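Just so we're clear, the structure is a prediction, and the values are computed from it rather than from any experiment.
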Amino acid sequence: MSTFLETLEGRLQTLLEGTLDRIFYPGLSQNLSGQLAALIEHEMSSPADASKLAPDLIILRVSPDKLDTWQEHQAVLDEAALAVEKSWRQHGYHFRRKPRILIQAVPELRLNQVEVQTEYSAIRSVTEKTELQKINRVSEADQQPKGAFLIIDAKEHISLTKPVLNIGRRSSNDIVLNDPMVSREHLQLRADHGKYILFDLSTTGGTYVNNHPVQSTALKPGDVIRVGKTIMVYNQELPGQTPGTTVLPIQGGR
């Protein structure tokens, strides 16, 4: 990869990591900047490169469940698009239109899966594909799982009542674990459409759900979370379930 692309990739990662890695999951900014740099490298080596015409549309394909959250951070993506434009122009390229980053919901994509495409605006539908897709905003009450709680080491019962919960050894966390093998900021729970999504915060010891190492996963009643020497059992109310019912931990793997 050329020095130009390496510089651009680093610039994009710096722009995105403060927001995307915090809002979605650690490492997303590196993933996106790497994908985009690879696409630009492919464009530069294609026959169309002789005209010095660069693609002006960058499409981020995401899960419909995450579309609303992506749209809330369009300003960060606009800044990234500007960085791409400046880099291209410094190397003699031009555009049909001012470059933009658009969000496209793709039903078949997994919750945290993101794909990147580049295209030229002239070959896309003006009325549909060049506009951001809009969806009704889900209220915080609908996002929050009902009756969710953790049982820690079979003795401590903690209700989960916030949309974002930080768990770790640091005293400022929402749930503090007195376990020397747990990182200061070990994991995060985020409410999303009636369930909690667990994110490991790039810890050394890792996070295990039902004995499997995970980076991120949607929790379901009975899931057993292990960090360090601490065991946590997750539960929440499900539709049709009697309030207060505790689902027993599952046996074996997920």
Side-chain angles (χ1 to χ4, degrees), residues 22-26 28 62-72 105-113 135-179 182-183 185-201 203 206-254:
R22 174 173 52 84
I23 297 298
F24 295 99
Y25 62 88
L28 177 58
V62 305
S63 164
D65 288 340
K66 289 293 185 181
L67 178 61
D68 193 51
T69 306
W70 277 100
Q71 289 177 338
E72 289 176 355
V106 181
E108 58 265 29
L109 292 184
R110 298 188 301 276
L111 188 65
N112 289 313
Q113 187 177 2
I135 61 173
N136 293 326
R137 200 169 296 278
V138 179
S139 70
E140 185 174 298
D142 291 335
Q143 295 273 13
Q144 190 73 33
K146 294 182 179 179
F149 62 92
L150 288 173
I151 299 175
I152 301 179
D153 288 335
K155 56 185 178 182
E156 188 176 6
H157 182 292
I158 297 181
S159 296
L160 308 179
T161 59
K162 296 172 63 176
V164 179
L165 291 149
N166 293 308
I167 301 175
R169 207 172 73 248
R170 192 187 298 277
S171 60
S172 59
N173 284 298
D174 299 290
I175 298 175
V176 180
L177 301 179
N178 186 21
D179 181 341
V182 170
S183 297
E185 296 175 347
H186 200 107
L187 64 92
Q188 186 178 85
L189 301 182
R190 285 186 171 272
D192 184 58
H193 290 77
K195 57 182 176 291
Y196 271 111
I197 310 298
L198 178 151
F199 296 94
D200 176 85
L201 301 178
T203 58
T207 299
Y208 294 79
V209 176
N210 303 325
N211 292 322
H212 292 278
V214 299
Q215 291 296 320
S216 66
T217 188
L219 294 175
K220 62 182 184 297
D223 277 349
V224 178
I225 306 164
R226 176 169 61 85
V227 291
K229 295 182 178 180
T230 302
I231 302 296
M232 298 178 284
V233 178
Y234 175 80
N235 264 288
Q236 72 175 83
E237 293 178 13
L238 297 177
Q241 185 182 77
T242 303
T245 300
T246 298
V247 178
L248 294 176
I250 68 171
Q251 301 297 319
R254 282 182 73 83

Working for side-chain contact (heavy atoms from CB on, under 4.5 Å), residues H186 and T207: CA-CA 8 Å; H186 200 107; T207 299; 3.3 Å; yes
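- For K229, the salt bridge (Lys or Arg N to Asp or Glu O under 4.0 Å) criterion is met by no residue, not counting sequence neighbours.
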Pair I167-D174, side-chain contact (heavy atoms from CB on, under 4.5 Å): steps then yes or no: CA-CA 6 Å; I167 301 175; D174 299 290; over 6 Å; no
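- Residue L219 is tested with L160, I197, I225, N235 for a side-chain contact (heavy atoms from CB on, under 4.5 Å); the sole match is I225.
- Smallest separation of non-hydrogen atoms from F199 and F24: CE2-O, 2.9 Å.
- Remark: Y196 engages no residue in a ring-ring contact (aromatic ring centres under 6.0 Å, His included) (not counting sequence neighbours).
- The structure places NZ of K220 at 12.5 Å from NZ of K195, a figure rounded to the nearest 0.5 Å.
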Audit row: I23, T69, side-chain contact (heavy atoms from CB on, under 4.5 Å) steps and yes/no: CA-CA 8 Å; I23 297 298; T69 306; 3.6 Å; yes
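- Residues passing the side chain to side chain contact (heavy atoms under 4.5 Å, CB included) test with T230, sequence neighbours excluded: I152, D153, L177, D179, V182, V227, M232.
- The two residues A105 and P64 have their closest heavy-atom pair at CB-CA, 4.0 Å.
- Between P145 and A191, the closest heavy-atom pair is CD-CB, 3.8 Å.
- Taking both residues in full, the closest heavy atoms of A218 and D223 are given as O-OD2, 4.1 Å, listed atom of the first, atom of the second, then distance.
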Residues K66, N112; criterion side-chain contact (heavy atoms from CB on, under 4.5 Å); working and verdict: CA-CA 8 Å; K66 289 293 185 181; N112 289 313; 3.7 Å; yes
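- With sequence neighbours left out, the side chain to side chain contact (heavy atoms under 4.5 Å, CB included) criterion links S159 to H157, T161.
- The side-chain heavy atoms of Q144 and P163, taken from C-beta on, include a pair separated by under 4.5 Å.
- Distance CD1/I151 to CD/E156: 11.0 Å, rounded to 0.5 Å.
- By the side chain to side chain contact (heavy atoms under 4.5 Å, CB included) test, E185 pairs with R170, N173, L201, sequence neighbours left out.
- When the side chain to side chain contact (heavy atoms under 4.5 Å, CB included) test is applied to V164, the partners found at least two apart in sequence or on another chain are Q188, R190.
- A donor-acceptor pair under 3.5 Å links the side-chain atoms of N210 to the main chain of V224, judged by distance alone.
- What you find for P213 and Y208 is that their closest heavy atoms are N-CD2, 3.5 Å.
- For the pair L150/V233, no side-chain contact is recorded, criterion being any heavy-atom separation below 4.5 Å from C-beta on.
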